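Bear in mind that the values here come from a model prediction, so they are computed numbers and not experimental data. Scope of the values below: all heavy atoms of this structure, side chains included, with no hydrogens, waters or symmetry mates.
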Amino acid sequence: MNLHPLGQFPAVRPRRLRQSAELRRLVSETQLSVAQLVLPLFVRNGHRVRRPIDAMPGVFQLSRDEMVREAACAQELGVPAVLLFGIPDKKDDRASGAYAPNGIVQQAVRLLKMELPQLLVITDVCLCEYMAHGHCGIVRRDKSGARILNDPTLNLLARTAASHAESGADIVAPSDMMDGRVRAIRHELDRCGFTETPIMSYAAKFASAFYGPFREAAESAPRFGDRRSYQMDAANANEALREVALDIQEGADIVMVKPALAYLDILHRIKTEFGYPTAAYAVSAEYSMVKAAAAQGWIDERAVTMESLLAMRRAGADILITYAATDAAKWLKE
């Protein structure tokens, strides 16, 4: 496409098409719609529980009844999907709560599909919230230290995804970054008869400092070390494309970039290279920084939030996962 002007000033005046809101909308190249939004929710046991997350103003750990209310509010505004994270009462070294038939996410999915059958329910498939040590895989300790084991973890992830699908999840979303996890999950889903359940892979998930508030919300901070041995190095763009290619080959139906704003170049390259349905996750610190600055009166929360989401769309995102989904839906209706 030729982007060079075919004429010169004064015959060519780009400002002519910026004179009114109606003109600007008419020639807008990128559209932001409520239909693209996904609201993450943190669910725990209890009744009438709305536990505030200090680092994420306006976000709560919710009991299942409150989760339904929050999801219903979002759905009424047009938000088509939620992404569930579970907070178990107990943790162990095998993440048994992640794939328990009556685990917190499994219960939450069943309730949501009963109460709000048209709402798309996406489940985060990971083990960190359920592991006593807070890592996303099985840990082996020896004289040289602790290692997160890749291959033994795959079976647990596959069991977790299948249990979510059995509970009624519309989409399963593995976020662990173990090699081969999409293949293992696809195989187990198909073996159990869930051939139509899509996989939304956290395909390019970076070891980011932007996850801090989430770890408070999900109670998932690692007890030792960090996640750099399995999450991606922020310096590597070409590797991100290889990760996405592998996940697509293994059966991913949707690929994701996480975080969003600091990785818009990755998002654009992935969408351009593969053309697959692509999600961007506006992570906790992105949300919290906007909230904190807005609380000080330094920025316009609505304007900054909507501009940020538009930037993700412009870079290539088809799906926008954001803690501000309900607010954004309200603003889009105004």
Side-chain angles (χ1 to χ4, degrees), residues 33-90 97-126 129-130 160-173 175 194 196-198 200 213-214 216-220 254 279 281-284 287 291 319-333:
S33 165
V34 67
Q36 298 148 355
L37 301 175
V38 177
L39 175 66
L41 294 173
F42 301 96
V43 60
R44 64 177 307 125
N45 283 319
H47 183 65
R48 294 186 180 178
V49 174
R50 293 181 67 86
R51 184 176 296 178
I53 299 162
D54 290 341
M56 299 177 70
V59 178
F60 303 84
Q61 292 180 351
L62 303 167
S63 54
R64 289 183 297 277
D65 56 319
E66 292 293 331
M67 170 203 66
V68 170
R69 292 188 183 93
E70 199 82 9
C73 178
Q75 186 183 39
E76 287 172 9
L77 290 166
V79 176
V82 296
L83 173 60
L84 294 186
F85 297 90
I87 303 163
D89 292 332
K90 296 180 181 179
Y99 43 86
N102 208 34
I104 183 63
V105 166
Q106 288 80 355
Q107 293 182 54
V109 171
R110 289 192 289 267
L111 183 60
L112 280 172
K113 296 311 295 182
M114 181 175 65
E115 297 290 338
L116 305 169
Q118 299 306 311
L119 182 72
L120 285 172
V121 178
I122 308 168
T123 57
D124 181 79
V125 177
C126 197
E129 300 105 307
Y130 306 89
T160 301
S163 74
H164 291 178
E166 186 175 6
S167 299
D170 296 292
I171 301 172
V172 295
S175 63
F194 302 112
E196 302 301 318
T197 300
M200 176 193 286
F214 172 90
E216 176 190 336
E219 300 181 8
S220 64
I254 303 168
Y281 198 142
V283 298
S284 56
Y287 170 86
K291 283 287 188 181
I319 300 165
L320 304 171
I321 303 170
T322 171
Y323 301 98
T326 303
D327 287 336
K330 293 175 183 176
W331 296 330
L332 285 166
K333 285 182 176 293

Would you say the rings of Phe85 and Phe214 are close, in the sense that their centroids are separated by under 6.0 Å?
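Yes, the ring of Phe214 comes within the 6.0 Å limit of the ring of Phe85, centre to centre.
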
Using only heavy-atom distances, determine whether the side chains of Gln106 and Glu166 contain a donor-acceptor pair under 3.5 Å.
no

Could you measure the distance from the [atom1] atom of [X] to the [atom2] atom of [Y]? Nearest 0.5 Å is fine.
| X | Y | atom1 | atom2 | answer |
| --- | --- | --- | --- | --- |
| Leu62 | Met67 | CG | CE | 8.5 Å |
| Ile171 | Asp124 | CD1 | CG | 13.0 Å |
| Arg51 | Phe60 | CZ | CZ | 12.5 Å |

Would you confirm whether [X], through its side chain, and [Y], through its main-chain N or O, come within 3.5 Å as a donor-acceptor pair?
| X | Y | value |
| --- | --- | --- |
| Glu129 | Pro88 | no |
| Gln36 | Ile319 | no |
| Ser63 | Arg48 | yes |
| Lys113 | Leu119 | yes |
| Gln61 | Ala217 | yes |
| Asp65 | His47 | no |

Contacts of Glu115 that satisfy side chain to side chain contact (heavy atoms under 4.5 Å, CB included) - sequence neighbours left out:
Val68, Leu111

Assign the ring pair Tyr323 / Phe42 to parallel, tilted or perpendicular, where the plane angle (0 to 90°) is split at 30° and 60°.
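The arrangement is parallel - the two ring planes meet at less than 30°.
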
Consider side-chain contact (heavy atoms from CB on, under 4.5 Å). Of Ile104, Ile87, Thr160, which one does Tyr130 pass it with?
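So the option named by the test is Ile104.
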
